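These numbers come from a predicted model, not from an experiment. In what follows, every chain begins at residue 1, and chains take the letters A, B, ... in the order their sequences are listed.
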Number of protein chains: 2
Amino acid sequence: MARDITKRIKPLRLKGLPTELREHIKEARVQRGWGQRELGAQIGLPQPHISGIESGEIVPRFDTLLEIVRVLDLDLLLVPRSLVPAVQSLIRTQKQPESAERPLYAADDEESASGKKDHDEF
Amino acid sequence: MARDITKRIKPLRLKGLPTELREHIKEARVQRGWGQRELGAQIGLPQPHISGIESGEIVPRFDTLLEIVRVLDLDLLLVPRSLVPAVQSLIRTQKQPESAERPLYAADDEESASGKKDHDEF
DNA sequence: ATAAGTTATATATTAAAGCATATCACGTCT
DNA sequence: AGACGTGATATGCTTTAATATATAACTTAT
């Protein structure tokens, strides 16, 4: 069987996670000053696996992805498509652009005080 | 609680998808009058696979789950944990309980007019 | 330059998802 | 009764995530 032509007929599902999802995850990780090794260690994943997920080379199981985003203080929510824009804008307005100019009063106030219980969103 | 000592050794990732997620998916499917066969056919999944996912027996890949929820007019959004309650209440208020009491002033303003492009949320 | 830290690649093994197909159990309907 | 639709189970087979480990490539200090 030289090459096996029969394979490439049906389109595989995805080549990786959606690009923006991957970027958000990576961004959140870097923001925390964590390396891939550090992130993976918290949920028992080896660094190469994190690398593959972030680079889009592998598509993780849902539970794996959920663990990743949760240690990054994020979550995956099931949202009606009609509400997606509203939710996104809500997120956008809440997210401070901590990048360019840093605030005059950098209170370094950790808002993380609220979240503690392992709530099950779904 | 003489519960089952053998379980808490190694924390397996999950025994399945989060219960509520599965229920929401099933609810959305039934609401549309679709069977598992019908839902699966739309994304190229066999009925037994849908059954396994809904019953929590198997944890799908993220891309698989994403396809499922999208044909159900739902989506999976990455949300900061601090905003989860706000998003959930937003969803709750928007979701009309078309069964019980219907609002006196049902404005039924369908905002869906906007959504037509296959937006990539992530 | 070199040492240290981070990320990307590579190989190998195991477990499980993905896929196809068949069948059984349970209702419901005429 | 039988036919039908739905969902749960079962059996193979293929693909791939998950895991472990090692190492190369690349950055950034010192």
Side-chain angles (χ1 to χ4, degrees), chain A residues 1-19 21-72 76 122, chain B residues 6-7 9-19 21-72 76 122:
Chain A
M1 303 21 162
R3 224 36 313 159
D4 191 356
I5 330 142
T6 74
K7 319 183 43 169
R8 292 279 88 197
I9 310 271
K10 158 195 268 226
L12 272 302
R13 211 164 297 286
L14 251 68
K15 69 277 162 195
L17 289 182
T19 311
L21 213 208
R22 302 202 322 259
E23 288 171 349
H24 282 148
I25 290 177
K26 179 171 183 176
E27 183 187 333
R29 174 180 61 78
V30 174
Q31 217 164 41
R32 261 150 243 267
W34 292 349
Q36 294 178 340
R37 198 176 310 269
E38 215 165 339
L39 171 60
Q42 296 185 58
I43 51 181
L45 291 185
Q47 174 265 325
H49 205 177
I50 302 290
S51 173
I53 291 173
E54 280 189 357
S55 70
E57 201 160 335
I58 68 181
V59 178
R61 257 189 268 151
F62 179 78
D63 55 356
T64 303
L65 184 61
L66 191 57
E67 293 214 16
I68 291 176
V69 304
R70 282 185 172 174
V71 298
L72 291 170
L76 286 169
F122 296 109
Chain B
T6 74
K7 39 185 306 199
I9 310 278
K10 177 192 195 186
L12 269 299
R13 211 161 297 287
L14 251 68
K15 70 275 161 201
L17 289 183
T19 310
L21 212 208
R22 302 201 322 259
E23 289 171 349
H24 282 148
I25 289 177
K26 178 170 185 178
E27 182 187 334
R29 173 179 63 78
V30 174
Q31 218 163 41
R32 259 149 245 265
W34 293 348
Q36 294 178 339
R37 204 161 261 128
E38 215 165 338
L39 171 60
Q42 296 184 56
I43 51 182
L45 290 186
Q47 174 265 325
H49 206 174
I50 302 291
S51 172
I53 291 174
E54 280 189 358
S55 69
E57 201 160 334
I58 68 182
V59 179
R61 258 189 269 150
F62 178 78
D63 54 357
T64 302
L65 183 63
L66 191 57
E67 292 213 19
I68 291 176
V69 304
R70 283 187 171 172
V71 298
L72 291 171
L76 287 168
F122 296 109

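Counting to the nearest Å, the P atom of C:dT7 and the CD atom of A:Glu27 are 15 Å from each other. For B:His49 and C:dA20, the NE2 to P distance is 11 Å, given to the nearest whole Å. Rounded to a whole Å, the CD atom of A:Glu67 is 9 Å from the P atom of D:dT19. Residue B:Glu57 contributes atom CD, which lies 8 Å from atom C1' of D:dT9 at whole-angstrom precision. B:Asp63 has its CG atom 11 Å from the P atom of D:dT16, to the nearest Å. Atom-to-atom, CD1 of B:Ile58 to P of C:dA17 comes out at 6 Å; the value is rounded to the nearest Å. Atom-to-atom, CG of B:Leu45 to P of C:dT21 comes out at 14 Å; the value is rounded to the nearest Å. Atom CZ of B:Arg22 is separated from atom P of D:dA8 by 11 Å (rounded to the nearest Å).
To the nearest 0.5 angstrom, B:Glu54 atom CD is 11.5 Å from B:His49 atom NE2.
The phosphate of D:dA17 (OP1 or OP2) has no side-chain N or O of A:Thr64 nearer than 4.0 angstrom.
Without hydrogens or angle criteria, A:Arg29 side chain to A:Leu39 main chain gives no donor-acceptor distance under 3.5 Å. For B:Thr64 (side chain) and B:Pro60 (main-chain N/O), no donor-acceptor pair under 3.5 Å exists by modelled atom type. A:Arg22 contributes a side-chain N or O that, together with a main-chain N or O of A:Leu17, makes up a donor-acceptor pair within less than 3.5 Å.
The side chain of A:Ser51 lies closest to C:dT9, out of C:dT9, D:dA8, D:dA17. Comparing atom distances between the A:Arg61 side chain and each of D:dT21, D:dA18, C:dG18 picks out D:dA18 as nearest. In this structure, the nucleotide among C:dT7, D:dA18, C:dC19 sitting nearest to the side chain of A:Ile53 is D:dA18.
Looking at residues two or more places apart in sequence or on another chain, you find no salt bridge (charged side-chain N to carboxylate O under 4.0 Å, His left out) involving A:Arg37.
Residues B:Leu66 and A:Pro18 meet the side-chain proximity criterion, which asks for heavy atoms closer than 4.5 Å. Put simply, the side chain of B:Val59 does not reach to within 4.5 Å of the side chain of B:Ile53, judged on heavy atoms.
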**Q.** Reading 5' to 3' through nucleotides 22-30 of chain C, protein heavy-atom contacts under 4.0 Å coded B for base, S for sugar-phosphate only, - for none
**A.** B--------
